[in-house]
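A short worksheet on the structure shown next.
Quick note: numbers below take in every heavy atom, side chains included, and nothing from hydrogens, waters or symmetry partners.
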Amino acid sequence: MSLIRPTASSSTFRAIGLGLGGRGLHTSRALAIRASTPRRDATVAADETGGFKYIPGGPILKGTVNDATPQIEASRSHGSYHWAFERVLSAALVPVTVGAAVSSGSAYPILDGILAVSLIVHSHIGFDSCRVDYLHPRKFPVIGPIVSWALKIATGLSVWGVYEFNTNDVGLTELVRRLWTA
């Protein structure tokens, strides 16, 4: 028995459609007609999900096509208010950073604290935007809330650490000044 070449004749392979002849890989007309008819077991009833897991609150639209889209209530922490706050905070970081760099951190501890907290809030907003875009809790029901709470805890600990560093040590701007001249 040969491992490279089958022992059956090439006419046998050609007869079952496995040969290398002109029409080796084809289906008969009867098979093509039967394949085009809908199969009973392939249809999905109205109450079935077609093998997909139903997720409550998932991509199911409520109402009909002619219903108006419901308006979302205005909130100061979402939407255009949130966007405006992000832009104002980003723009305010420029003069606060310049002011902290020009003055000494130990002479103006309030400015040093404003700079530190502004940087932490700015970073929190940026990381939260990444979390919302890439780890949405509806798509990632386990890791999404964990990352959300980890970000909140890390932000709180950062604010507490900056407060301790500014009140009990040299402060943020003095630290940067010492590292710059070191």
Counting only heavy atoms from other residues, nucleotides and ligands, does the tally under 6.0 Å from NE2 of His124 exceed 12? yes

Let me confirm one number: the CG-CZ distance from Leu179 to Arg177, rounded to the nearest 0.5 Å. 12.0 Å

If hydrophobic residues (ILVMFWY) are linked whenever their side-chain heavy atoms come closer than 4.5 Å, directly or via other members, who joins Phe127 in its cluster? Leu151

Set out, in order, the CA-CA distance, both residues' side-chain angles and the distance that settles side-chain contact (heavy atoms from CB on, under 4.5 Å) for Leu119 and Val162, then state yes or no. CA-CA 11 Å; Leu119 286 172; Val162 163; over 6 Å; no

What heavy-atom pair brings Ala100 and Leu111 nearest, and what distance separates the two atoms? N-CD2, 3.7 Å

Grouping ILVMFWY residues whenever side-chain heavy atoms fall under 4.5 Å, the cluster of Trp160 otherwise contains Ile153, Leu157

By side-chain hydrogen bond (donor to acceptor under 3.5 Å, both in side chains), which residues pair with Asn168, not counting sequence neighbours? Glu164

Quick one: name the residues clustered hydrophobically with Val98, using the 4.5 Å side-chain heavy-atom rule over I, L, V, M, F, W, Y, and just say none if it's on its own. Val102

Minimum heavy-atom separation for Gly99 and Ser103, please, with both atom names. O-OG, 2.9 Å

Hey, could you give me each pair passing salt bridge (Lys or Arg N to Asp or Glu O under 4.0 Å) that has a residue in residues 113-135? Not counting sequence neighbours. Asp128-Arg131

For residues Tyr134 and Ile146: do they belong to one hydrophobic cluster (side chain heavy atoms under 4.5 Å, members Ile, Leu, Val, Met, Phe, Trp, Tyr)? no

Tyr108 vs Leu115, side-chain contact (heavy atoms from CB on, under 4.5 Å): CA-CA, chis, key distance, verdict: CA-CA 11 Å; Tyr108 300 100; Leu115 174 66; over 6 Å; no

Ser158: which residues meet the side-chain contact (heavy atoms from CB on, under 4.5 Å) condition with it, sequence neighbours left out? Ile120

Look up atom CZ in Phe165 and atom CD in Glu174, then write down how far apart they are to the nearest 0.5 Å. 9.5 Å

Can you sort out the partners of Ile114 under side-chain contact (heavy atoms from CB on, under 4.5 Å), two or more places apart, ordered by chain and number? Val96, Ile110, Ser118

Under a side-chain separation threshold of 4.5 Å, the hydrophobic residues clustered together with Trp149 are none

Among all residues two or more places apart in sequence or in another chain, which pass the side-chain contact (heavy atoms from CB on, under 4.5 Å) test with Phe140? Leu135, Ile143

Hey, does the side chain of Asn166 reach the backbone of Pro109 with a donor-acceptor pair shorter than 3.5 angstrom? no

